[in-house]
Each structure stands twice: as C-alpha cells, then as structure tokens.
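For this chain, numbers begin at 1 and follow the sequence in order.
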Amino acid sequence: MNIDLTIGTAVAEAVKKLYGQDTEAAQVQVQKTKKEFEGDLTVVVFPFVKAARKSPEQTGAEIGEYLQANHTFIASFNVIKGFLNLVIDKGYWIGELNRMHADVNYGITPAGEDAPLMMIEYSSPNTNKPLHLGHIRNNLLGYSISEIQKACGWKVIKTNIVNDRGIHICKSMLAWKRFGNGETPESSGMKGDHLVGKYYVIFDQHYKAEVKELMAQGMSEEDAKRNAPLIQEAQRMLLAWENNDPEVRKLWATMNGWVYAGFDETYRKLGVDFDKIYYESETYLEGKAKVEEGLAKGVFYRRADGSVWADLTKDGLDEKLLLRTDGTSVYMTQDIGTAKLRYDDYPINKMVYVVGNEQNYHFQVLSILLDRLGFEWGKSLVHFSYGMVELPEGKMKSREGTVVDADDLVAEMIATARETAIELGKVDENNPGELEEVARIVGLGALKYFILKVDPRKNMLFNPKESIDFNGNTGPFIQYTHARIKSVLRKADEQGIDFHSALDTHLEISDKESALIQLLADFEGVVKEAGEAFSPALIANYVYDLVKEYNQFYHDYSILREENEALKRFRLALSETIARVVKTGMGLLGIEVPERM
C-alpha cells in the first residue's frame, strides 16, 4: 500500500478515536518532511485543530503519540507548529524494498479486459517534406505519453493522421515534374522524403523568382503572388487531383510512396510506432458528409453564398467556416471526418491530440463541434498542447530549407555519442559492434531525454552538445549509472551471492539507504501523476533524482566489499531494484538503457 495512504488511514483512525471526527484517509495531507527537520513524512495538523479544540502543537503531539503507540511503523515523531513530522521505522522500508524487489513489473498497472480505451494521435506529418526537429519533439512526446497511459491501466491506440493532400503536396509534385528529370530515390541515392522535400524547396525558389519578375514589371506583391505561373499551375494540379485525374493521381501515389518509405525509416530510428494510420485523402470526404449531416440537423447553417458555418458565439467564441462557397473542405472538416472514421473503428473513451500550442484555438472549437455532432468523447477530448523547439541559431523554416532534418540530427547524435564515449574511455572493453550499439543507444537516449525532461508545455532550446554530457541531468548520465549497477550485479552473480530472496526487516540500515527506498516507493505515484498530467518530464526528472541519489550512495558505501553478508545482500537487492526502476522509467520515455558501457 502507498505509504501516504497508510499514514492517512492511521491518522483518520487517530482523529476518530481522539476527537470523534470522521475523516477520509485520502483527505489527510501528507508530504515529504523538509530537509531541515527530522522525519520522513509530515502530516498537516491544522484541519483537525477545530475538532481537538487545542493548539496545533498539542493536536499534533496527541496524534503523534497515538500513532506511535498503535502502529509499529512509526518509530518517532516531532511537532513543528502545525506540522507533525513522522520518522518511519527502517524495518518498514526494508519490507517495502522486499515488495518492490519481488515485483518485476513494479510501477506498472497493466490494462484489464474492461479497461477504458484512449486513442493518442501524434506525428501528423505532411508528405511534402521530411521530418524535422519539431516533428521529433511531437513524436517523442506522443510515444512517451502512450507508454505512460498504458502503465496507468489504459488500453491505448497510437494513431497518426498523414496530411497527404492539398496545395503544399502539389507544389512538390509540380516542381519534380518540371525540374526533376525523372529523378527517383534509387537514382539519386536519397531517402524518398528527402527527395520530395528537395522539390518543395525548389518550387519555392522558382516561385519567388517569378514573383520578383512580375513585381519588376509593375505588379503589386499581392497580385504577383497570386498570378505567378507556378502557383496557378499548382492550383490547377490540385483541382485535377480532386477530380481524380489519372495522371496526377499516379504521380501523387508514386511520390507519396517515396515519402512513406522515408518516414518509416525515420520512425524506426526514433523507436516510435503506430497502431493505426489514417490519411487525409481518405477522411476529408467523410468530414464533408458529417458537416452536411449536421446541417440537416440544424447544428450548422448555410450562408447565402453557399458556405457552411458553425455559430459558436454562445460558447464565447466566433463563427467557424466548415465548407467553402465552392464546397471544398477546411482543416476543421477533415478533423471531423477523421474523428468519425476513428469512432467507427474503435470504442474510444478518451481522445488525445498531440499538437503544438499554435493550434489551441482549433482544438477548442473541434471539441465543441464533435460534442454537438454526438461524439461521446468530444467534450472531454485532450489537446496535449506543447511548446515549440528551437536551436541556438533560432527558428526553422521548411520552405527555405533551413530546418534541422530528423535523420541528420539522429546521425549527428550517434556520432557525437561515439566520439564522447571513446574520449572518456567509457567503452574500452567493447568490440566495434558493441561500440556502435552503445553509440546508438546513448546518442538517441541523449536526444530523447533532453527533449522529454522539459515541461512539454514550454518552448525549449535544443542544444545537442549539452544533451550528450555524461554528467548532470542528461540521458547518458542515467544510462551510464544503469550500466554501472548491472556491472556490480554481474560480479555478484559470478561470486554466487544470493540477493534475490527476502531481506531481514530487522537489519540495521543507514538513513541514506532508507531514503533511497523511500524514493523508490515514490515511483508508483510519479507514474500515476505523469499519466494524469500527460507529462513525461515528471518521470524523466524523477529518474534523474533517483540516479543522482544512488551515485552518492555508491560513492559512500561498499557493496561487494561489505563484510556483513546480510547488508551486502541488502545493498545488492537495493541496487537491482533501482536499476529495474531506471529501466522501466526510461522505457516509459522510449529510451533504452545499456547493460554495459
């Protein structure tokens, strides 16, 4: 049982016995004791003062005396004003370590057969360019949130909506048709998504040149942008696509195929995946049909020009366009169509959209519209709104080709990890094959941890050099500590030391050791809190704190050289449980931890 709840139950019992007041155990305020005071956990006494009709100090003392007399896990107590500081018996903590050590799935609540279903959408790339650093943050957050929700007992469907239609796609297609000379991924040696992205940039370069030329002829900038031959041809291509022109559709399918192959390779490198992928080209017509259905039911209305709108003024918002005058759809319509298909496919209880904070208004509106259209989860949908990621050099722009490519960044991180590990002598014992695997694990771990340790709702600055450091709050520091513990455990196994059976709860252990067990016991609560807050950062920073405390312990205490056999077994069991929690916690972030470094 959670120690906070155990204490809450004991305090509720004390308050009932001493003062006749009924109190819910969950309502008792229990917190970590501040470092300047003696104690492990502190109970806030003020809520019971009125029933006791005594001062906070007297009330705290009476409750403390009752707890110590009736519960063996309370070793001692002290009262500071209205705060009751409790020292927990070290035997209790050893018992907790026994429980955690025996549970190979400690911290994880598997989904039962009747568990609710959460669908989590992330990635949502466009097929006119490769994935970049911004997509990396989205994918890592989406994947980690999915793993955390699974650990909290939800059934989870990881989904992706690919934006595979629209004017931006036609720009790449037209540029390839005009300037590509039949170039393919095979003939160029380029990944398919990189190749298509190259032509998106080429389109923009030629388009800007046309605009400049028209302006030199006396046309206004606005007219020049609208009348440039390339953009007009791209718009004709889009119309031909919507009219199912066979030649345009064939080129679209070919180039999208190149992109999907490229995306799949990047997803594999990042270690993210999906249970179901939807395509905008398949959902936008569903959205139009759903809007027409809403129109017939009076949920929406049609203006004189033929356009269809939703009136959200009663919700404190404005009016929202759903179908243009010519009947074509907007992004909102497409999202409604995607929601409809998903609802047909799965019995969704909660829908989570992992999308940047520039779309906050869009999802506020979508929630209201889905609710009006009868989707049960519409009102409770979650827009996981995260901040932008920038580099020390500033923002990135896709059409100008100034983005940080995801594949290049992953390769750079792995190369840097390899160089750093060799420099620091971290991999001297490894053969070349092992070195490459460690470099991959550490490079990706550095990238993922640096991104996920930041509060997801904040904008962040990504600095590759800082992320690869083997000291401080970084992925490599945590990974190296895990490898260090596994090395100790291997030596213990070689020496035939049994540290897997239950430990003696009467063993004398240090304050540092009981504090480490207490920190381990927090893991279940941290996972639950991270699930409720949709925050991988809570787990990342918990794991760092655990590893930091363990390293201090490792520095100050002998493990294999400890002469007291019972204490040696205890320290090995403690180390193994910490390694397991580190591996589980990092796994919830999508980060591997090496057995050796």
Between [Y] and [X], does any NZ, NE, NH1 or NH2 come within less than 4.0 Å of an OD or OE carboxylate oxygen?
X	Y	answer
K528	E524	no
K269	D264	no
E376	K350	no
D193	K129	no
K208	D204	yes
R226	D223	yes
K583	E592	no
E147	K158	yes
E292	K288	no
K290	E286	no
R303	E319	yes
R249	D245	no

Donor-acceptor pair, [X] side chain versus [Y] backbone, under 3.5 Å?
X	Y	value
D164	S281	yes
H383	V355	yes
S367	Q364	no
Q149	G531	yes
D103	N105	yes
H135	H132	yes
K448	L140	no
N126	N128	no
Y542	L519	yes
T159	I120	no

Item to check | Ring geometry between F375 and Y343 (parallel below 30°, tilted from 30 to 60°, perpendicular above 60°) | outcome: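 Ring orientation of Y343 relative to F375: perpendicular.
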Checklist entry - Aromatic rings Y284 and W241: how do their planes relate, parallel, tilted or perpendicular, breaks at 30° and 60°? => result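 Tilted, since the angle between the ring planes falls between 30° and 60°.
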Contact between [X] and [Y] at the side-chain level, heavy atoms closer than 4.5 Å - yes or no?
X	Y	result
Y279	I161	no
I231	K225	no
E265	K191	yes
V162	N160	yes
L370	L381	yes
M460	R137	yes
L312	I368	yes

Checklist entry - Passes salt bridge (Lys or Arg N to Asp or Glu O under 4.0 Å), K32 versus D522? Steps please. => result CA-CA 11 Å; K32 284 260 175 83; D522 290 340; 2.5 Å; yes
Next on the checklist: With a 6.0 Å cut-off on the ring centroids, do F363 and F384 count as close?
Outcome noted: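 No, they do not, as the ring centres are separated by 6.0 Å or more.
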Checklist entry - Centroid-to-centroid, Y122 to Y353, below 6.0 Å? => result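 No - the distance between ring centres of Y122 and Y353 does not fall below the 6.0 Å cut-off.
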Taking the six-membered ring of [Y], is NZ or CZ of [X] closer than 6.0 Å to its centre and within 45° of its axis?
X	Y	value
K276	Y278	yes
R302	W309	no
R580	Y106	no

Next on the checklist: Between D335 and H362, is there a side-chain donor-acceptor contact under 3.5 Å, judged purely by atom types and distance?
Outcome noted: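 Side chains of H362 and D335: pair found under 3.5 Å.
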Checklist entry - Yes or no on side-chain contact (heavy atoms from CB on, under 4.5 Å) for F300 and L323, after CA distance, side-chain angles and deciding distance? => result CA-CA 11 Å; F300 308 130; L323 291 175; over 6 Å; no
Next on the checklist: Applying side-chain hydrogen bond (donor to acceptor under 3.5 Å, both in side chains), can you list everything that pairs with T42, at least two apart in sequence or on another chain?
Outcome noted: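 Applying side-chain hydrogen bond (donor to acceptor under 3.5 Å, both in side chains) to T42 gives T33, N85.
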Next on the checklist: More than 12 heavy atoms of other residues, nucleotides or ligands under 6.0 Å from CD of E358: yes or no?
Outcome noted: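 For E358, atom CD is crowded (more than 12 foreign heavy atoms under 6.0 Å).
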Next on the checklist: For Y386 and N357: C-alpha separation, side-chain torsions, deciding distance, then whether side chain to side chain donor-acceptor pair (under 3.5 Å) applies.
Outcome noted: CA-CA 5 Å; Y386 64 90; N357 56 16; over 6 Å; no
Next on the checklist: Test side chain to side chain donor-acceptor pair (under 3.5 Å) on K150 and T109; report intermediate values, then the result.
Outcome noted: CA-CA 8 Å; K150 283 185 201 172; T109 304; over 6 Å; no
Checklist entry - Between E233 and K171, is a salt bridge (Lys or Arg N to Asp or Glu O under 4.0 Å) present by the stated rule, with each step listed? => result CA-CA 9 Å; E233 193 173 346; K171 288 177 180 179; over 6 Å; no
